[in-house]
Amino acid sequence: MVPFSAIGKCESLSSRSWPGSWKPLGDDPLIQWYLKLGDNVKISIVVLLLAASANLARAAKTLDVYDIDVEGGKSVLIVSPSGESMLFDVGWPGFNGRDADRIVAAAKSAGLSHIDYLVISHYDIDHLGDVPLLLSKLPATHIVDHGPMEAAKPPSDRYKDYTAIRDKLDHIVVKPGDRIPIKGVDVLVVTAARQHIEKPLKGAGAPNPLCATTPPKPELPTDVEDNMSIGLLFTLGKFRMLDLADLESAYDYKLMCPNNPIGSVDVYQVSIHGQDKGVSPVLAQALGARVALMGNGPRKGGAPQTWETLRGAPGLEDIWQVHYSVAGGQDHNPPADYIANLEGTDEAHWLKLSAQTTGAFSVTNSRNGFTKTYKHK
Ligand SMILES: [Zn+2]
């Protein structure tokens, strides 16, 4: 039993003998050196150490991509490891501000109160949405588009409202080969205003064998704006994701034939909501994506031919969808865990992809929390 008189008697740490090789931190020469420093120097060292650990934490963060449910329109939120953000299209207008509210909810979930780069792929109504309304709820610093609208009919009031608010912000017009300067992830413009990159990217440029055997579909004169789409290639370390917005099959050929200038990707954001006219075998086969994410609605996109084209491509592991496709039925839709919004429900669930510099990535269904991780191959 310890005598009461011994309790509270403090022996000097340095005078005590410690078992084995273990010593108290105070005996460490580095600690002894630190204790002898002046207070200002000590504070500077602590600040430097905190900054270094914050940088390490940032470096470990992921590239996060939210495929937001805008009922067959397009809206994809990107948050880079640096914390900067980009919104690719804003869904539909109307419906009491439904899509703007859904985008704000996704942004809030990502910890964002503003967007750094708002990118409008083209001016069709399911992408242009209601930009003034959205910006009143979620401000943006820069607006990126492909330049003037090229359509047979005069510009709509909606387009005029868009240009009016766009011109008050920092407006950037991009062309193929440009980069959207979001920090922490490389975002290369591969298509814009019916043009595409001419020079193959590093490591790409191999002949695309399907070009010779699969004839291109004719260009649809009614879909001028679709083919004006800004298409983006995202690269984070070894991870690559391609999103061509509403580029149609005829323009897949122009981009991917006779040589593939892009190479392979890990994730393909399926063009034009998975409509038949949007995904050609020359694109899908050459990309060899492991995962396809489809921003379809229950009755828009998700055409049976699209699944056949995607599943016929080498390396495809899974198709994830924002909605169950009524046209696809049980024969074509993936299992329920891979669908954010099931038949007959409208709860605005999203798909969230998180990618690491190692090339590994995961996809999560916000409806039920189902997650699948894809290790880098
Ligand atoms: Zn569209």
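When a ligand or atom number is given, it counts from 1 through the structure's own listing order.
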Review point. Lys74 pairs by side chain to side chain donor-acceptor pair (under 3.5 Å) with which of Asp126, Asp124, Asp243?
Key: Asp243

Just distance, no hydrogens or angles: give the donor-acceptor pairs under 3.5 Å from side chains in residues 132-143, sequence neighbours left out.
unit_1: Ser136; atom_1: OG; unit_2: Leu133; atom_2: O; d: 2.6
unit_1: Lys137; atom_1: NZ; unit_2: Asp101; atom_2: OD1; d: 2.8
unit_1: His142; atom_1: ND1; unit_2: Asp170; atom_2: OD2; d: 2.6

Practice item. Could you grab the protein N, O or S atoms closer than 2.8 Å to the Zn ion (ligand 1) for me? Key: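 You should have found Asp126 OD2, His127 NE2, Asp246 OD2, His273 NE2.
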
Exercise for review: With rounding to the nearest 0.5 Å, note down the distance linking CG in Leu287 to CG in Leu242.
Suggested key: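 Going from CG on Leu287 over to CG on Leu242, the span is 5.5 Å.
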
Check your understanding: At what distance, to the nearest 0.5 angstrom, does NE2 of His323 lie from CZ of Arg299?
Key ->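 Reported value, rounded in 0.5 Å steps: 11.0 Å.
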
Review point. Is Asp178 reaching over with its side chain to a backbone N or O of Lys175, donor-acceptor style, under 3.5 angstrom?
Key: yes

Point to revise | Aromatic plane relationship, His332 with Trp307 - under 30° parallel, 30 to 60° tilted, over 60° perpendicular | key: parallel

